[in-house]
Protein chains: 2
Amino acid sequence: MAQVLVAPRLRLNRDRVLQAAVQLADRIGIDALSMRRLAEELGVVPMALYKHVANKDELLDGMVDVIVAEIDPPNGDLGWKAAVRLRVLSARQMLLRHPWARSVLESRTRETPTVLDYMESTIGMFLAGGFSADLTHHVMHALGSRMWGFTQELFDASAGPDRPPVDIAAQVAQLQAMAERYPHILQISEVATHDDSVVARGCDDRFEFEFALDLLLDGFERLRDAGWSSDARPTA
Amino acid sequence: MAQVLVAPRLRLNRDRVLQAAVQLADRIGIDALSMRRLAEELGVVPMALYKHVANKDELLDGMVDVIVAEIDPPNGDLGWKAAVRLRVLSARQMLLRHPWARSVLESRTRETPTVLDYMESTIGMFLAGGFSADLTHHVMHALGSRMWGFTQELFDASAGPDRPPVDIAAQVAQLQAMAERYPHILQISEVATHDDSVVARGCDDRFEFEFALDLLLDGFERLRDAGWSSDARPTA
DNA sequence: GGTGAAGGTGTACACCGTACACTCGGATGC
DNA sequence: GCATCCGAGTGTACGGTGTACACCTTCACC
């Protein structure tokens, strides 16, 4: 009956820590995520976290595991091409849910089981599709970070946490100035916004992503069907 | 005649700061590069740097400018394909000289003139090659970070600053353990090392890079020759 | 009911980026 | 020749970071 009125203070464990870290990063961004801030969120003193993760690096690795596990499992009913495509797009959806994930994924170098599982099953999709192990190897390299649902680009629209409100007048003046020095950049960015009156609307990210993905998938298929072999590789 | 014997203590300027920062990063790595450490290197107090760069972010932007300027200018005598290829491979050489550059390039979001110049001239190569502005736009996206001489991959061989010395016995045992859980990963990594007795020699980075690059360039060419247009794009 | 281990605490350290007020040397104007 | 001014370099300080280490508290089990 003398039930305490404060929160029952359930014990910490590794999973609670990781889940809280992911949610907190979703909310306040990865830069603001510090051990102290996370501890505060969990109503605990900073050093308490170190009973559950060895250090911040391991915390980040754990967070990667959490989000990689969110990627849909392969769909066995589809052909390799559709299956890979769907899976990669699922990874992309996960990345859109966790905007911080890209930079963390990029910075990681430790190969955790969850991550290896993801690679393992992706490789399996190519092998099942009739790709040689050799070609599959190169294909995985070619996919690169696209396998994780993103590609690195400078000036990505989602890079800045908050774009300043567009000042149309200033933007037009800036475009004018750019026209001389960067005519080509201007030319291709005009195309990107031809159907929209607002200047610099940005690209259709999903379209761009799928454009490159399909280009690669088609290329892979052509190589496979041509019986590609790396025997012709120049031994540098 | 009363020439001072200590170093003449030549004045700092923005360029000296940036050059020193690049060299220091080459030597001690980007993580160890702090304003304090850089100041020490220049024989100056930390705050002195702030007379020449606004903050650390601007320092990093300046460092990017320095290394991007190292990329070879386009060769006008070649066709678009060979010219783009050569240029991208030159960017890659620059990146190999500055191992820290990849992560810095990835983290930057500010578009400095030097960086814009590089993009401008790259875009120009496609336009000169008969690509429509529309297609060029998507092509630049598809190139992604490959334009900068790298692609993001997990477990890149160059990721760790110092791989621990290989313990062959432990490695074999680990492979044994992996064989059950990750047969596919094992399968494609065996291919990568078939001509080498040492386990886990790693991939031929240059080959992998060019494999994907050429796959894309060939794909671009096919699209151009087919008169590709994005009019068929599904309006989401 | 005692005990041992695991979980949570408190304090402390070294390092980081940088705000702010200062000193001092050298160019400029009279 | 002297005053002035300005900007490069200095010194101190603050609030933040990750985390080592010693401590205490709680709880399961014999």
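Letters A, B, ... are given to chains in the order of the sequence lines, protein chains preceding strands, and every chain is numbered from 1. These numbers come from the heavy atoms of this one structure, side chains and all, not from hydrogens, waters or symmetry mates. Just so it is clear, the structure is predicted and the values come from calculations on it, not from any experiment.
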TODO: Verify whether the ring centers belonging to A/Phe207 and B/His138 lie closer than 6.0 Å.
DONE: yes
Open item on the list: So for B/Arg36 and C/dG17, does any side-chain atom that can act as donor or acceptor lie under 3.5 Å from a complementary atom in the base?
Closed with: yes
- [ ] Using whole Å, report how far OH of B/Tyr50 lies from P of C/dC16.
- [x] 11 Å
Task: Between CD1 on residue A/Ile28 and CH2 on residue A/Trp100, distance to nearest 0.5 Å - done: 11.5 Å
TODO: Give the rounded distance in Å between these two atoms: CZ of B/Arg14 and P of D/dG7.
DONE: 17 Å
Task: Value in whole Å for how far the P atom of C/dC15 lies from NZ of A/Lys56 - done: 19 Å
Open item on the list: Could you tell me how far apart B/Arg11 (CZ) and C/dG26 (P) are, to the nearest whole angstrom?
Closed with: 9 Å
- [ ] Calculate the interatomic distance between A/Asp31 atom CG and D/dG16 atom P; express it in whole Å.
- [x] 16 Å
Task: Derivation and outcome, side-chain hydrogen bond (donor to acceptor under 3.5 Å, both in side chains), residues A/Thr112 and A/Asp61 - done: CA-CA 7 Å; A/Thr112 68; A/Asp61 281 338; over 6 Å; no
Task: Carboxylate-amine/guanidinium proximity below 4.0 Å for B/Arg36 and B/Glu40 - done: no
TODO: Using only heavy-atom distances, decide whether a donor-acceptor pair under 3.5 angstrom links the side-chain of B/Lys51 to the base of D/dG9.
DONE: yes
Task: Per A/Val45 side chain, nearest of listed nucleotides C/dT18, C/dC16, C/dT9 - done: C/dT9
Open item on the list: Distance check needed: C/dG8 P versus A/Leu42 CG, whole Å only.
Closed with: 10 Å
Task: 5' priority, DNA chain D, between A/Ala32 and A/Ala54 [closest heavy atom] - done: A/Ala32
- [ ] Let me know the distance between CE of B/Met47 and P of D/dG9, rounded to the nearest Å.
- [x] 13 Å
Task: Atom pair distance, as rounded to whole Å: CG in B/Leu38 and P in C/dT18 - done: 13 Å
Task: Proximal nucleotide (of D/dA8, D/dG18, D/dT19) relative to the A/Ser34 side chain - done: D/dG18
TODO: Check whether any side-chain N or O of A/His52 sits under 4.0 Å from OP1 or OP2 of C/dG8, and answer yes or no.
DONE: yes
Open item on the list: Walk me through whether A/Val64 and A/Arg110 qualify under side-chain contact (heavy atoms from CB on, under 4.5 Å).
Closed with: CA-CA 10 Å; A/Val64 166; A/Arg110 187 123 63 261; over 6 Å; no
